[in-house]
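The structure appears below as structure tokens.
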Amino acid sequence: MNDIDIYIQPINDNKLKSSLIFNNKIQSSLPRRFLAIGDSLTAGYSDRGLSFHSYSINLTNLFSSVHIPIIVDQQGVTGEHVVPTMMKRLERILSNKTKSYYDWIIILGGTNDLAYNKNADKIFNEGLKLMYNMVLQNTRLAVMTVIENGHYLPEHKQDKERRILNTMIRNFTENYEDKKRICLIDLDKKIPYHSMKDISQRKAIWDDPIHLKAAGYDQMAKFIFEKLYKKIKQ
């Protein structure tokens, strides 16, 4: 029986390296996909609902300015509560495997729940925490604290619950082990209402006691960008 010679073509290291570099360049040039889910503050509600200017508009522009293309799937629903509708809506979005891949999911909610006297424990443990864990099973998570509003002074019950809720949100991000997959955007410390003593400045960004003007939503986008850009560059 004759021996059969087998010829194995050597791998060209330079071609392999070039192919990997080319593929990496294509991958890095593809837009990152963000999901922005929330209530009217995510939708960019202003002027009694006659105008909408979501933070997603300026967020896209800010990332474009540093040559990082992104696509934001803006899913803000005016008047929505975290418990139970926002949570169920997120579940439906993530269950759609053909459309649901996102590099980051940004969550802001709780304002409407607080307005209807739900306590912080219910909002967090029956809503936000479940949403956070849902996201972290799939991708990276950016969470926002709930900003104050003009209807409730700091000593009011609803505002006390808001502060308790924000502490729960901060604690969740602080205690999550994989810091590269989670980002806290502490809006509560960035967009004040009552402590903003300059009335002209307040009028420039606040549209009514709950909602912002376009300039306020653009400012929100700036804070989100600053935090997420650092995470992406890590």
Side-chain angles (χ1 to χ4, degrees), residues 36-49 52 54-55 75-91 106-135 141-176 182-213 215-217 219-220 223-224 227:
I37 186 166
D39 50 35
S40 56
L41 293 171
T42 294
Y45 177 108
S46 63
D47 195 20
R48 298 182 181 180
F52 286 84
S54 172
Y55 69 73
Q75 293 283 345
V77 174
T78 300
E80 188 173 54
H81 294 217
V82 169
V83 183
T85 51
M86 194 186 298
M87 183 182 65
K88 289 181 178 177
R89 190 159 62 91
L90 177 63
E91 192 172 20
I106 308 167
I107 296 176
L108 173 60
T111 297
N112 294 307
D113 301 77
L114 290 165
Y116 280 77
N117 293 312
K118 291 176 190 166
N119 62 44
D121 187 72
K122 182 178 182 68
I123 300 166
F124 186 78
N125 289 308
E126 296 181 27
L128 289 176
K129 184 179 178 181
L130 300 179
M131 292 175 70
Y132 297 168
N133 287 328
M134 216 184 294
V135 170
L141 169 69
V143 304
M144 291 194 266
T145 49
V146 182
I147 59 176
E148 62 184 359
N149 64 66
H151 287 311
Y152 308 119
L153 293 169
E155 60 270 18
H156 195 282
K157 178 181 179 292
Q158 260 94 344
D159 199 67
K160 288 177 183 176
E161 288 295 326
R162 182 189 64 84
R163 295 198 301 273
I164 293 169
L165 177 61
N166 284 341
T167 298
M168 291 175 169
I169 293 169
R170 293 181 188 113
N171 288 344
F172 183 92
T173 57
E174 192 176 321
N175 294 328
Y176 190 75
I182 196 164
C183 180
L184 172 66
I185 299 143
D186 207 344
L187 280 189
D188 180 39
K189 294 181 178 178
K190 295 291 187 178
I191 304 179
Y193 187 92
H194 296 293
S195 59
M196 190 178 282
K197 303 304 180 188
D198 187 338
I199 302 302
S200 62
Q201 188 182 3
R202 184 192 290 172
K203 286 181 177 179
I205 66 166
W206 285 90
D207 182 61
D208 61 38
I210 297 175
H211 304 100
L212 304 173
K213 292 180 177 177
Y217 292 117
Q219 199 173 103
M220 185 190 294
F223 301 136
I224 298 167
K227 288 289 187 177

Would Arg162 and Asp188 count as a salt bridge (Lys or Arg N to Asp or Glu O under 4.0 Å) if you check the C-alpha gap in whole Å, the side-chain angles of each, and the deciding distance to 0.1 Å? CA-CA 10 Å; Arg162 182 189 64 84; Asp188 180 39; 2.7 Å; yes
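With salt bridges taken as basic N to acidic carboxylate O contacts below 4.0 Å, none links Glu155 and Lys160. Between Arg163 and Asp159 there is a salt bridge, since a side-chain N of the basic residue sits under 4.0 Å from a carboxylate O of the acidic one.
No side-chain heavy atom of Asp39 sits less than 4.5 Å from a side-chain heavy atom of Tyr45. Inter-residue side-chain proximity for Lys118 and Glu161 is flagged as unmet; no heavy-atom pair is nearer than 4.5 Å. Contact of the Arg89 side chain with the Ile37 side chain is registered, since non-hydrogen atoms from C-beta on lie closer than 4.5 Å.
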Output side-chain donor-acceptor pairs under 3.5 Å for residues 146-154, partner residues at least two apart or in another chain, one line each.
residue, atom, partner, partner atom, Å
Glu148, OE2, Tyr193, N, 2.5
Glu148, OE2, His194, N, 2.9
Asn149, OD1, His151, N, 2.9

Please tabulate, for side-chain N and O atoms in residues 124-134, each donor-acceptor pair with protein atoms closer than 3.5 Å (sequence neighbours left out).
residue, atom, partner, partner atom, Å
Asn125, ND2, Asp121, O, 3.3
Asn125, ND2, Asp121, OD1, 2.7
Glu126, OE1, Lys122, NZ, 2.9
Asn133, ND2, Lys129, O, 3.3

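Checked against salt bridge (charged side-chain N to carboxylate O under 4.0 Å, His left out), Lys213 has no partners two or more places apart in sequence or in another chain. Remark: Ser54 engages Ser56 in a side chain to side chain donor-acceptor pair (under 3.5 Å) (not counting sequence neighbours). Under the rule for a side chain to side chain donor-acceptor pair (under 3.5 Å), Ser46 has no partner lying at least two apart in sequence or in another chain. Here Tyr217 pairs with nothing under the ring-ring contact (aromatic ring centres under 6.0 Å, His included) rule; sequence neighbours left out.
Side-chain atoms of Gln158 and Asn117 form a donor-acceptor pair, as typed in the model, at a separation below 3.5 Å.
One N or O on the side chain of Thr173 and one on the backbone of Arg170 form a donor-acceptor pair closer than 3.5 Å.
The side-chain contact (heavy atoms from CB on, under 4.5 Å) with Asp113 is formed by just one residue from the set Leu165, Val83, Asn119; it is Val83.
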